[in-house]
Amino acid sequence: MEGAAIETRQLSKHYGQRPVVRDLSFRVAPGEVYALVGPNGAGKTTVIRLLTGLAFPTAGSVYLLGLELLKNPAVRRRIGAVVEAPAAFYPYLSGRANLALHARLAGGVTDGRIAEVLRLLELETSAERKVGVYSLGMRQRLGVAAALLTQPEVLILDEPASGMDPLSLHVVHRVLREAASMGTAVLLSTHHLDEVAAYCSRVAILEEGQLIDEVNLLDRRDRYRAQVSDVRRAQLALKTQPFIRHAGTRGDEVVFILEDSAALGQVAGALVAAGVELLGLARDNFDLRAYYRERVSAKRGVAPEEVA
C-alpha cells in the first residue's frame, strides 16, 4: 500500500508486566475506512491512544502521514480524533460555543466551518442549547463534529457510536463515509459490526492485543453465487472474463467476485456463451459478525457462541 496515512510497525505497549498491545502492524490508506474490532480488553482503546500520542509505545513505531509520531509530534495538528468518547465539553455552554472554543484552539477555523459541521452532524437545531441537556447520541455527534473542524487528513475515533440511538448511528456512519470519499483516512474502533461491514474498507480483528485477522470487505461486497447446470464449466468461463476478479466453486454453485457491480448483467451472457444454464443468482452476503466470532473463538479455543 503506497502512501499510507496511518502505519504501525511492530507496535507494543505494556503496563508494568502486562502486555496490552503486542507486535501490531497495519496500514491505512487515504480515502479508506479501517475498523478495529475485538472483545472488551482486546487493546482497541490503547491502540487509539498510541496513534494519537496520548500514550507512548513500549516498542515499535507509529507513523502518521509518513512521519514518525514520536519524532514529529506536530503532525497531530493534521489529525482529528475522539478518544474515549463521549468527548468532554463544557455542559453550561451551547454546542456552537463549545465548537467555537475548539476552533480557537485549533486555529484557522471559520464560523462558516463550525456551521458546516453542525449541519453535517444534524445538530443545527440544537446548536444553541446547552450541552448539559444533550442526549448521549448528541454529545457523541458533537465530538465527531469537533474532530472534523480542521478538515483533517486523518480521522481517528474510539467507539464514536457507542450508546447511540439509530438516528445518530446513521448520521455518524454517513459522515465517516463522506470524509473517506474526500480522501481522509478514517480509523475507528467499534462494536457495531453489522453497520461497519456495509462501508468499511478493511477490518482488523484484535484479541489480547494481537492482530489475529484482517478482513478486506471491498472484496466481499461484489461477491455473488450462482446455481448452474455445470459448475466446473461455469467457473472456467467466468475466470476468463475481464469483469470477474475471482471465480470459485462451493458445492453445486459457482461463487465469483465482480470487478464492478455494474457488470452483473454480463454474467448470464458469459455463461450462456459457454453452454451453461443459469438456474439462480444471488448476492453472497458476508456475515462479519459470524466470521468475527469464529476467529475469536478459534483463538480462545472455545465455541463461537461463547464469544460476546
Side-chain angles (χ1 to χ4, degrees), residues 33 35-36 40-41 44-56 64 69 73-180 182 184-192 195-196:
V33 181
L36 303 176
N40 290 333
K44 301 186 298 296
T45 293
T46 301
V47 173
I48 297 289
R49 292 177 62 83
L50 290 167
L51 291 174
T52 53
L54 297 177
F56 298 98
L64 297 175
L69 177 58
V75 74
R76 288 185 296 178
R77 296 183 63 84
R78 299 165 66 186
I79 74 172
V82 176
V83 183
E84 297 184 40
F89 292 104
Y90 291 105
Y92 52 85
L93 294 179
S94 70
R96 190 186 302 276
N98 268 285
L99 289 185
L101 286 176
H102 280 258
R104 193 175 306 158
L105 289 171
V109 179
T110 66
D111 289 345
R113 179 58 181 172
I114 294 173
E116 183 179 6
V117 296
L118 286 168
R119 178 185 59 77
L120 285 172
L121 275 300
E122 298 187 8
L123 289 169
E124 289 174 296
T125 59
S126 308
E128 310 310 330
R129 295 172 60 191
K130 292 181 179 180
V131 169
V133 301
Y134 276 21
S135 67
L136 174 59
M138 291 169 66
R139 281 186 285 132
Q140 297 277 61
R141 281 188 274 155
L142 190 65
V144 176
L148 289 169
L149 277 173
T150 60
Q151 297 179 290
E153 297 168 69
V154 172
L155 190 59
I156 300 174
L157 307 169
D158 183 22
E159 292 285 357
S162 178
M164 278 191 177
D165 57 274
L167 172 61
S168 294
L169 190 66
H170 170 75
V171 169
V172 167
H173 287 165
R174 172 181 54 77
V175 168
L176 298 185
R177 288 196 303 269
E178 290 175 356
M182 297 176 67
T184 300
V186 179
L187 181 141
L188 68 151
S189 66
T190 185
H191 285 99
H192 293 277
E195 289 81 3
V196 299

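Sequence positions, counted from 1, serve as the residue numbers for this chain. From a predicted model like this one, the values you see are computed outputs, not experimental measurements. Only this structure's heavy atoms are used, side chains among them; waters, hydrogens and symmetry mates stay out.
A donor-acceptor contact shorter than 3.5 Å is absent between the side chain of Thr150 and the backbone of Val109. In this structure, the side chain of Arg77 engages the main chain of Ala106 through a donor-acceptor pair within 3.5 Å.
Between His192 and His173, the ring-plane angle classifies as perpendicular under the 30° and 60° cut-offs.
Residues Leu187 and Val47 have side chains not in contact (no heavy-atom distance under 4.5 Å, counting atoms from C-beta outward). Side-chain contact between Leu51 and Val154: absent, with no pair of heavy atoms (C-beta onward) separated by less than 4.5 Å. Residues Val172 and Leu121 form a side-chain contact, since some pair of their non-hydrogen atoms from C-beta on lies under 4.5 Å apart. With contacts defined as side-chain heavy-atom distances shorter than 4.5 Å, the pair Asn40/His191 qualifies. The side-chain heavy atoms of Ser168 and Gln140, taken from C-beta on, include no pair separated by under 4.5 Å. Between Leu69 and Val75, some side-chain heavy-atom pair lies under the 4.5 Å cut-off. Inter-residue side-chain proximity for Arg174 and Val171 is flagged as met; some heavy-atom pair is nearer than 4.5 Å.
Annotation: the span from Tyr134 atom OH to Arg141 atom CZ amounts to 9.0 Å, rounded to 0.5 Å. Rounded to the nearest 0.5 angstrom, Leu149 CG and Glu116 CD are separated by 10.0 Å. Atom CZ of residue Arg76 and atom CG of residue Leu54 lie 7.0 Å apart, to the nearest 0.5 angstrom. Atom CZ in Arg96 sits 14.0 Å away from atom CZ in Arg129 (nearest 0.5 Å). Here the straight-line distance linking atom CD1 of Ile79 with atom CD1 of Ile156 works out to 4.5 Å at 0.5 Å rounding. Summarising the geometry, atom CD belonging to Glu159 is positioned 6.5 Å from atom OG1 belonging to Thr45; distances are rounded to the nearest 0.5 Å.
Summarising the geometry of Thr190 relative to Ala35, their closest heavy-atom pair is CG2-CB, 4.3 Å, with the distance given to 0.1 Å. Across every non-hydrogen atom of Ala147 and Val82, the tightest pair is CB-CG2, 4.0 Å. Taking every heavy atom of both residues into account, Ala180 and Val33 meet most closely at CB-CG2, 3.5 Å. For Val144 against Pro160, the heavy-atom pair with the smallest separation is CG2-CB, 4.3 Å. The shortest non-hydrogen separation linking Phe89 to Val131 is CB-CG1, 4.0 Å. Summarising the geometry of Ile114 relative to Ala103, their closest heavy-atom pair is CD1-CB, 4.0 Å, with the distance given to 0.1 Å.
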Go through it in stages, so that I can follow the logic: the residues are Asp158 and Thr52, the test is side chain to side chain contact (heavy atoms under 4.5 Å, CB included), and I'd like the CA-CA distance, side-chain angles, deciding distance and then a yes or no.
CA-CA 11 Å; Asp158 183 22; Thr52 53; over 6 Å; no

Can you check side chain to side chain contact (heavy atoms under 4.5 Å, CB included) on Leu148 and Arg113, steps first, answer last?
-> CA-CA 9 Å; Leu148 289 169; Arg113 179 58 181 172; 4.0 Å; yes

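Residues forming a salt bridge (Lys or Arg N to Asp or Glu O under 4.0 Å) with Arg78 (at least two apart in sequence, or on another chain): Glu153.
More than 12 heavy atoms of other residues, nucleotides or ligands lie within 6.0 Å of CZ in Arg177, so this atom counts as buried by the packing criterion.
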